[in-house]
Asks: 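Structure provided below as structure tokens; questions to follow.
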Amino acid sequence: MRANWKTLTRERRAVYGWGLIIAAIGGALLLMPGRESWHAAGPHNVGHTKIACNDCHAPSPGNVVGQAFSNLAYAVGLTDSARYFIYAPAGNEQCRACHEDPDNRHPVDDFLEPEFADARQAMGVQFCVSCHQQHLGVRVSVTPRVCQHCHEDTALDDDPIDVPHTTLINDQRWETCLGCHDFHGNHDREVPRMMSQMLTEEQIQHYFDGGESPYGHRRLTVIQTMRYGDKGDL
Ligand code: HEC
Ligand code: HEC
Ligand code: HEC
Ligand code: HEC
Ligand code: HEC
């Protein structure tokens, strides 16, 4: 027979009761200001170690008890959607507050056009966070081959490179693109014309994972919060 509350002995009830109280105290501790990192989803994007949680996360609607209750109801199958606990997820709007880049060669809003329906479906190209997940401790979380979703028809009349773009694309060599081009076009640099001058896949992956930029350090548009000098101001 399955045990239920009524059939339990007094002692057992007390044990369960204390269990609940301890769990509640643990939960409350996690919600205390200054304890944010305890329940952060993981290490930050490399550039964001000094940014506050609420620069990206607006508080979730409703109060904490309500959120906890509805998530509990979701966990035991009473409702079919979980509420975001404490923080609502961040979107393009939050990113742009600090990362406005008017010369971006790939503005996410362009990808709302019908021609990008497949790319949206495949990987959500219209959202910053599809390529820059925040809590993985990396700079770029997407595969370097991401260019394949939109550049299958790219062809240059007078192709300046030693192996033409059409050949690279026919051979599905998508890992080469970032060897010569950055994605947002925000690094002040010459685009190489020889395959021998390309960055290696290892260099690109190292940069994605948080290493130094192999595209150089001069940016065309400076990240807004960097203009105020000292990073300590963040
Ligand atoms: C730069 C913006 C940014 C900052 C700063 C940030 N987050 Fe997030 N957070 C996100 C995004 C975007 C997501 C959605 C999942 C993802 O992209 O990794 C997220 C997801 C989450 C989640 C849900 C976890 C999941 O896997 O769905 C939690 C919890 C969270 N963040 C907590 C925090 C806490 C706590 C802090 C402060 C220590 C913080 N975040 C700071 C952007 C941010
Ligand atoms: C409160 C301001 C702020 C917000 C909000 C913010 N960022 Fe940042 N971000 C910064 C700063 C400052 C840096 C670090 C610049 C440096 O030191 O290189 C940075 C760095 C980065 C980097 C690494 C850049 C590099 O060259 O190392 C990426 C990628 C990035 N942010 C993407 C995002 C995305 C995506 C979002 C939205 C989920 C976001 N940021 C929200 C301020 C912000
Ligand atoms: C389709 C994938 C993709 C999307 C969408 C995307 N990025 Fe990136 N991002 C990249 C890649 C790849 C790099 C590394 C190459 C480079 O530096 O341009 C990068 C680099 C960066 C950098 C560092 C270089 C720089 O430009 O200063 C920042 C900051 C950044 N992204 C912010 C954003 C923000 C903010 C958004 C949304 C408005 C966004 N990204 C949308 C793929 C993406
Ligand atoms: C969601 C679609 C999409 C993705 C993904 C994408 N691009 Fe593009 N890209 C475009 C569009 C649209 C243009 C502008 C029209 C054109 O030149 O084809 C463009 C233009 C460019 C340009 C020329 C920009 C200029 O100002 O002359 C380069 C270089 C480029 N992309 C490289 C890349 C690289 C490298 C990747 C992969 C890291 C990539 N793109 C991924 C859609 C995309
Ligand atoms: C060896 C270096 C190199 C490689 C590899 C490379 N490109 Fe290029 N690409 C160039 C140069 C040089 C140009 C000429 C324009 C310039 O200077 O930006 C160019 C131009 C472009 C343009 C602009 C086309 C136009 O109409 O103006 C796009 C889009 C592009 N490349 C996408 C890609 C994609 C996608 C890949 C991967 C399949 C790729 N490139 C691989 C060097 C390279």
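Counting starts at 1 for both ligands and their atoms, in listed order. We number each residue from 1, following the sequence as shown. Just so it is clear, the values below take in all heavy atoms, side chains as well, and ignore hydrogens, waters and symmetry mates.
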Asks: Please name all residues satisfying side-chain hydrogen bond (donor to acceptor under 3.5 Å, both in side chains) with D110, sequence neighbours left out, ordered by chain then number.
Replies: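 None.
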
Asks: Give the atom numbers and elements of ligand 1 that come within less than 4.0 Å of a heavy atom of H48.
Replies: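 Within the 4.0 Å cut-off of H48, ligand 1 contributes 1 (C).
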
Asks: How close do C177 and C147 get, counting heavy atoms only, and between which atoms?
Replies: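 Residues C177 and C147, closest heavy atoms: CB-SG, 3.6 Å.
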
Asks: Answer yes or no for H135: is there an N/O/S atom below the 2.8 Å cut-off from atom 8 (Fe) of ligand 1?
Replies: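 Given the 2.8 Å cut-off, H135 counts as a ligand of atom 8 (Fe) of ligand 1.
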
Asks: Return yes when at least one N/O/S atom of H57 is nearer than 2.8 Å to atom 8 (Fe) of ligand 1, and no when none is.
Replies: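 Looking at H57, which is the residue asked about, there is an N, O or S atom under 2.8 Å from atom 8 (Fe) of ligand 1.
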
Asks: Parallel, tilted or perpendicular, judged at 30° and 60°: which one describes the rings of Y207 and Y215?
Replies: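 If you compare the ring of Y207 with that of Y215, the planes turn out perpendicular.
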
Asks: Taking 4.0 angstrom as the limit and counting only heavy atoms of M194, give me the atoms of ligand 5 inside it, by number and element.
Replies: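 Contacts of ligand 5 toward M194, numbered from 1: 1 (C).
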
Asks: For ligand 5, which atoms sit closer than 4.0 Å to a heavy atom of R193?
Replies: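 The list of qualifying atoms is 12 (C).
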
Asks: Can you hop from V125 to V140 via hydrophobic side chains spaced under 4.5 Å?
Replies: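 Result: yes, single cluster for both.
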
Asks: Applying a heavy-atom cut-off of 4.0 Å, say which part of A52 lies close to ligand 1: side chain, backbone, both or neither.
Replies: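 Backbone only.
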
Asks: Closest approach of C128 and V108, non-hydrogen atoms and distance?
Replies: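 Residues C128 and V108, closest heavy atoms: N-CG1, 4.3 Å.
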
Asks: Any atom of ligand 1 sitting under 4.0 Å from a heavy atom of V129?
Replies: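 Flag set, V129 near ligand 1.
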
Asks: With a 4.0 Å heavy-atom cut-off, what residues sit around ligand 4?
Replies: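 The 4.0 Å shell around ligand 4 contains R105, H106, F111, F116, V125, V146, C147, C150, H151, C177, L178, H181, F183.
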
